[in-house]
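Computed from a predicted model, the values in this text were never measured in an experiment.
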Amino acid sequence: TAVTLLAGCGGDGAMGESDDVLLVFAAASLADAMEDLAVEFEATDDGTEVDINVAGSSSLREQILAGAPADVFAAASPEVLEPLRQAGEVSTPGVVFATNSLVVGVPSGNPGDVTGLESFTDGDLLLGACAPGVPCGDLAAEAFALAGIDPALDTEEPNVRALSAKIRSGDLDAGLVYITDVEASDGDVELLVLPEAAAVSNRYPAAVLDRTDDVDEAEAFVDFLLSEAGQRILVEHGFGGP
């Protein structure tokens, strides 16, 4: 079994060069879960290899619009898929297979003494969120708006994994990340729950690309995400159900 993480590139192989290779574009926050999902799918679907291209959802969408090969797109927000639908790249709005909650992430031990979302107005702290237009960035903006906070951000990262890495390294005192990023940090990132009034979460849709040469395998992978085995893996990585 081989699972290839292509980390934001379009992939080396051409689409359809083998009916046994399924190329899945996946949001950065899905990286760890997708590794396990791909391995499990390969074990239950004899002969199919799953390659995964991981990056921010908006970046992946632009790669697809530019002609990059892909069979399935698993995004961090339904809104990301709409331009693809309008461009005729997908024929459906996608199937929601998971949810994810936004939290305040701080380095282990919370050296900045961050107390919660209200700390994002403190200009003495190093603070981050995802960039506007990225699902985690749009979700952060929603949380700030609900809480009536004008954040003093020092950085806006292109995807949530880049933001989480800066928190883990101590380059930031806090950032708004997904709960799954805290789960994946092996204790290097601690979470502070958002206030109830500002609690927000994303829905993750998966869609089969119209350009795929193997609709059956692509649809089988999407179905697997919703299966008991697929949902078990997603829960293990901190995701909520659809």
Side-chain angles (χ1 to χ4, degrees), residues 7-8 26-33 54-63 75-83 98-204 237-240:
S29 51
L30 287 164
D32 296 326
V54 175
S57 294
S58 300
S59 174
L60 292 172
R61 178 189 63 204
E62 296 309 306
Q63 290 180 35
S77 169
E79 287 74 22
V80 173
L81 287 177
E82 183 57 22
T99 55
N100 207 353
S101 298
L102 203 69
V103 298
V104 175
V106 299
S108 180
N110 192 10
D113 292 325
V114 175
T115 58
L117 198 60
E118 65 277 2
S119 293
F120 280 75
T121 61
D122 188 343
D124 292 331
L125 294 173
L126 293 172
L127 305 165
C130 291
V134 179
C136 60
D138 292 341
L139 202 62
E142 181 181 348
F144 288 134
L146 288 171
I149 288 174
D150 184 15
L153 297 176
D154 296 284
T155 184
E156 292 179 325
E157 296 296 319
N159 62 69
V160 74
R161 297 309 287 261
L163 179 60
S164 179
K166 287 194 172 183
I167 299 170
R168 295 178 71 162
S169 66
D171 291 337
L172 291 175
D173 293 308
L176 283 181
V177 296
Y178 294 121
I179 192 169
T180 52
D181 296 292
V182 178
E183 293 280 342
S185 74
D186 296 325
D188 291 335
V189 178
E190 299 175 5
L191 70 85
L192 302 174
V193 178
L194 298 186
E196 185 175 349
V200 289
S201 61
N202 263 358
R203 295 178 300 142
Y204 286 65
H237 286 275
F239 290 91

> Do the side chains of Val182 and Val103 get nearer than 4.5 Å, heavy atoms only?
Replying inline: yes

> How many angstroms lie between CG in Leu192 and OG in Ser119, if you round to the nearest 0.5 Å?
Replying inline: 8.0 Å

> Going by distance alone, is a donor N or O of one side chain under 3.5 Å from an acceptor N or O of the other, for Glu183 and Ser185?
Replying inline: no

> For the residue pair Gly128 and Phe120, what are the closest heavy atoms and their distance?
Replying inline: O-CE2, 3.7 Å

>> Assess the residue pair Val104 and Leu191 against the criterion (side chain to side chain contact (heavy atoms under 4.5 Å, CB included)); give the C-alpha distance rounded to whole Å, side-chain angles, the decisive distance to 0.1 Å, and a yes or no.
In response: CA-CA 6 Å; Val104 175; Leu191 70 85; over 6 Å; no

>> Run the side chain to side chain contact (heavy atoms under 4.5 Å, CB included) test on Asp181 and Ile167 for me, step by step, so that the C-alpha distance in whole Å, both residues' side-chain angles and the decisive distance to 0.1 Å come before the verdict.
In response: CA-CA 10 Å; Asp181 296 292; Ile167 299 170; over 6 Å; no

> With sequence neighbours left out, what residues match Asp188 under salt bridge (Lys or Arg N to Asp or Glu O under 4.0 Å)?
Replying inline: Arg168

> Glu82: what forms a salt bridge (Lys or Arg N to Asp or Glu O under 4.0 Å) with it, not counting sequence neighbours?
Replying inline: Arg85

> With Asp32, which residues qualify under salt bridge (Lys or Arg N to Asp or Glu O under 4.0 Å), at least two apart?
Replying inline: Arg161

>> Quick check: do Asp154 and Leu125 have side-chain heavy atoms less than 4.5 Å from each other?
In response: no

>> Using side-chain heavy atoms (C-beta onward) and a distance below 4.5 Å, is Thr180 in contact with Leu30?
In response: no

> Short question: side chain of Ser57, backbone of Ala76 - any donor-acceptor pair under 3.5 Å?
Replying inline: yes

> Is Thr155 close to Glu157 at the side-chain level, that is, under 4.5 Å between some pair of heavy atoms?
Replying inline: yes

>> Between Asn202 and Leu102, is there a side-chain heavy-atom distance shorter than 4.5 Å?
In response: no

> Taking C-beta and beyond as the side chain, do Ser58 and Pro135 meet within less than 4.5 Å on heavy atoms?
Replying inline: yes

>> Within the 3.5 Å criterion, strictly below it, is a donor on Thr115 or Glu118 matched to an acceptor on the partner's side chain?
In response: yes

> Are Phe239 and Tyr204 close enough that their ring centers fall under 6.0 Å?
Replying inline: yes

> Can you name the nearest heavy-atom pair linking Leu194 to Ala143, along with the distance?
Replying inline: CD1-CB, 4.1 Å

>> Measuring only between side-chain heavy atoms, which start at C-beta, is Ile179 closer than 4.5 Å to Asn100?
In response: yes

> Given the rule in the side chain to side chain contact (heavy atoms under 4.5 Å, CB included) test, do Leu117 and Leu176 qualify, once you have shown the distances and angles that lead to the verdict?
Replying inline: CA-CA 9 Å; Leu117 198 60; Leu176 283 181; 3.9 Å; yes

> Ser108 versus Val189: any side-chain heavy-atom pair under 4.5 Å?
Replying inline: no

>> Determine whether Phe144 and Asp150 satisfy the following criterion, side chain to side chain contact (heavy atoms under 4.5 Å, CB included), listing intermediate values before the conclusion.
In response: CA-CA 7 Å; Phe144 288 134; Asp150 184 15; over 6 Å; no

